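Only one structure is covered here, and it is reproduced in the block below.
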Amino acid sequence: MFALADCNNFFVSCERVFRPDLNGKPVIVLSNNDGCAVARSNEAKALGIKMGAPFFKIKDIVRKNGVTVFSGNMALYSDMSRRVKSVLRASAPAMEVYSIDEAFLNLEGMDIDFDRYAKELSARCFRWTGIPVSVGVAPTKTLAKIASKLCKQYPKLKGGCYMHRLQDIEKVLRKFPVDDVWGIGRKTFAKLQSMNVVTAWDYASLSQSQVNRLFGLPGLNTWKELNGIPTIEFEDAVRSKQSISNTRSFSKEITDVEALCEQVALFATMTAEKLRQQGSVCYELAVFAMTNRFKEYVRQSISNDIVFFRTPTSSTSEIVASAVKSVRQFFRADCAYKRAGVTALKIVPESSVMPMLFDDADAREKDKGLMKVLDQVNAVYGRGTIRMGICSDKVSSNSALRSPQYSTLPSDFPVVKG
DNA sequence: TCTGGGGTCCTAGGACCC
DNA sequence: TCTGGGGTCCTAGGACCC
C-alpha cells in the first residue's frame, strides 16, 4: 500500500497558520513578481478564481469580495513544508518527497487499519504544524492520489481515505473525471474526449494495446496503475537534480546592460549555491534573457548562450563570470528585457570528476575553500551577506504583499504577550 | 500598467557505426 | 526503374507534473 499526503491549498494554509483571522475567508497567494494566483483558499476557488489566473485580470473579483492577497513567501513555505515532512517521515517506514506540498509513503509490511491510520496522520499533521493535509491510501500511487483528492471533496472523510477493494475502486473511478487523473494532461484529455472517454473508469476500461498505441509508455503506466498494478517506482532516496534553473521576471523591463548583468549574476549565484548544496558540479551553463512576450507590438527577442566548462564547476566566481560574459555578448541595446535566467546542465557528482592535466589544481582548491567559507557565512548571517561585487542584492520583482518570515527570520518571529 | 518558476521523462529522427 | 540491414547514441521538442 501507498499513501499520498497532500497539503490542502498549501501556500494559503501556511499564511493562515500565522493569520488565523483568515480562516473561512477568501485568500490567494501570487506567483513571483505578483504575476498569477498560484494558491487559492476554497472560498477563493468558489469565487471563480482559477489556478494560474493573471492577477491583473482578477483584481475586480478581489476588490469586490475582499479577497486577501499575498505575494509568495517561499522562505515561509519551505520551512512549513519541512515541518510537515518531518511528521510524515516519522509515521511510515519510507517517504518519497514528491513536491513542496506532497509526499508518498510506502506502507509495505504494515498490518494495520489503514483508514484509521490515514485519518490519524492527517490529524497529527494539523495538530503539530497547523497545516491541513489529505491522506489517501491505495495499492498504487495513482490511486492514492485519487483517494487524497476525495478527502478534499468530502470533509466527512476527516482528511483520510483508504481505497482498496475492487468494487470500491470501481465506484470511485466511475465518478472521477479522467482529466483529474495524475498523468492525464491537456493534450491527452483532448484526444480522450474525442473518443468519449470521460471518467477514470472509461480510461481504465480501454484495451491495453489501444492505450499503448495512442498514449505510449506514460499513458500505459497510468492505465496499469488505475487497474491496481503498481508501475510507478517508489523512490526512497533523494535524487540529485539533473538540471538547476534560476529564472525571474522583472518588475520593470531592463534596458541597461549593467542592470541586466547584476540580475543574471544573482541568478548565477543562486544556481552555484544549489549545485554545492547537492554536492554537484556542472559542465554546462545556459544563460538567456528575453523581452516581454505578451507585448505584441514590441520587438521580440530571446537571447541564448551556452557556456562549456572543461573542468566542471560549482564555483560562484566561475559561474557568475561566465554568465555575465554571456550577457555582455548577447545584450541588444534595442531590446527591453523582461525575463532572464541561468540553468546548470550536464550535472555530475563532484566526487566523480577527474582532474584535467592542464587545470590549475591549486587555484581550484583555493576557490573551493573560499566557497566553503562563503556558504558558512551566508548560512549564519543570511543569503547574500557575502557576494560577488557585480551581483545584485535582490531580484527586481514585485512582492509588496509578502508576509513576514514568521518562522525563519528572528526579527520576524511572532511575539507572545504574557 | 499588469501574464510564475522549476522540474522529469519519453519519443522520433538524425548522425554515425560496421 | 532499380540503391541493405542492423545497431547505438544524442538531441530537440512534446507532454506532463507541482
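These numbers come from a predicted model, not from an experiment. Each chain gets a letter, A, B and so on, in the order the sequences are listed, and its residues count up from 1.
Each salt bridge (Lys or Arg N to Asp or Glu O under 4.0 Å) pair with one or both residues in residues 64-79 of chain A, not counting sequence neighbours, appears once here: A:D79-A:R82, A:D79-A:R83. Annotation: salt bridge (Lys or Arg N to Asp or Glu O under 4.0 Å) contacts involving residues 211-225 of chain A, sequence neighbours excluded, are absent. Applying the salt bridge (Lys or Arg N to Asp or Glu O under 4.0 Å) test to every pair with at least one member in residues 126-144 of chain A, sequence neighbours left out, gives these pairs: A:E96-A:K141. Residues in residues 29-81 of chain A take part in these ring pair (Phe, Tyr, Trp, His ring centres under 6.0 Å) pairs, two or more places apart or across chains: A:F11-A:Y77. For the salt bridge (Lys or Arg N to Asp or Glu O under 4.0 Å) condition, the pairs that include at least one residue of residues 143-152 of chain A, sequence neighbours left out, are A:D6-A:K152, A:E102-A:K145.
In this structure the side chain of A:C14 reaches within 4.5 angstrom of the side chain of A:I131, judged on heavy atoms. A:S399 has its side chain out of reach of A:S397: every pair of non-hydrogen atoms, C-beta onward, lies at least 4.5 Å apart. Between A:M371 and A:R276 the shortest side-chain heavy-atom distance falls below 4.5 Å.
Partners of A:D412 according to the side-chain contact (heavy atoms from CB on, under 4.5 Å) rule, which considers only residues two or more places apart in sequence or in another chain, are A:P404, A:Q405, A:L409.
Going from atom CG of A:D60 over to atom P of B:dT1 covers 14 Å, rounded to whole Å. Put simply, NZ on A:K59 is 11 Å from P on B:dT1, counting in whole angstrom units.
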Only pairs under 3.5 Å count here: list side-chain donor-acceptor contacts from residues 173-183 of chain A, not counting sequence neighbours, and write none if there are none.
unit_1	atom_1	unit_2	atom_2	d
A:R174	NE	A:E170	OE2	2.8
A:R174	NH2	A:E170	OE2	2.8
A:W182	NE1	A:Y98	OH	3.2

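In this structure, A:R239 does not pair ionically with A:E233, as no charged nitrogen and carboxylate oxygen lie closer than 4.0 Å.
Near DNA chain B, meaning a heavy atom under 4.0 Å from it, residues 191-228 of chain A has A:G216, A:L217, A:P218 in order of number. Using a 4.0 Å cut-off on heavy atoms, none of the residues of residues 66-87 of chain A approach DNA chain B.
Spacing of P atoms, B:dT3 relative to C:dC18, comes out at 25 Å, to the nearest Å.
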Taking only N/O atoms, report every protein-nucleotides 3-6 of chain B pair under 3.5 Å with atom names and distance.
unit_1	atom_1	unit_2	atom_2	d
B:dT3	OP1	A:K338	NZ	2.9
B:dG4	OP2	A:R293	NH2	3.3
B:dG4	O4'	A:S31	OG	2.6
B:dG5	OP1	A:N32	OD1	3.4
B:dG5	OP1	A:S249	N	2.5
B:dG5	OP2	A:S249	OG	2.9
B:dG5	O3'	A:T247	O	3.4
B:dG5	O3'	A:R248	NH1	3.1
B:dG6	OP1	A:S245	O	3.4
B:dG6	OP1	A:T247	N	3.3
B:dG6	OP1	A:R248	NH1	2.8
B:dG6	OP2	A:T247	N	2.6
B:dG6	OP2	A:T247	O	3.2
B:dG6	OP2	A:T247	OG1	2.5

For nucleotides 9-18 of chain C, give me one character per nucleotide, 5' to 3': B if any protein heavy atom sits under 4.0 Å from the base, S if the only such contacts are to the sugar-phosphate, - if neither. ------SSSS

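Closest of all the heavy-atom pairs between A:T222 and A:Y203 is CG2-CE2, 4.1 Å. Nearest heavy atom pair, residue A:A204 against residue A:L226, reads CB-CB, 4.1 Å.
Heavy atoms of other residues, nucleotides or ligands lying less than 6.0 angstrom from CD1 of A:I386 number more than 12.
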Kindly determine whether A:N42 and A:N9 satisfy side-chain hydrogen bond (donor to acceptor under 3.5 Å, both in side chains), including the steps that lead there. CA-CA 8 Å; A:N42 291 346; A:N9 313 332; 3.1 Å; yes

Would you write out the dot-bracket form of DNA chain C, 5' to 3', with Watson-Crick and G-U pairs under 3.5 Å, [ ] for crossing pairs, | for pairs to other strands and . for unpaired bases? ....||||||||||||||

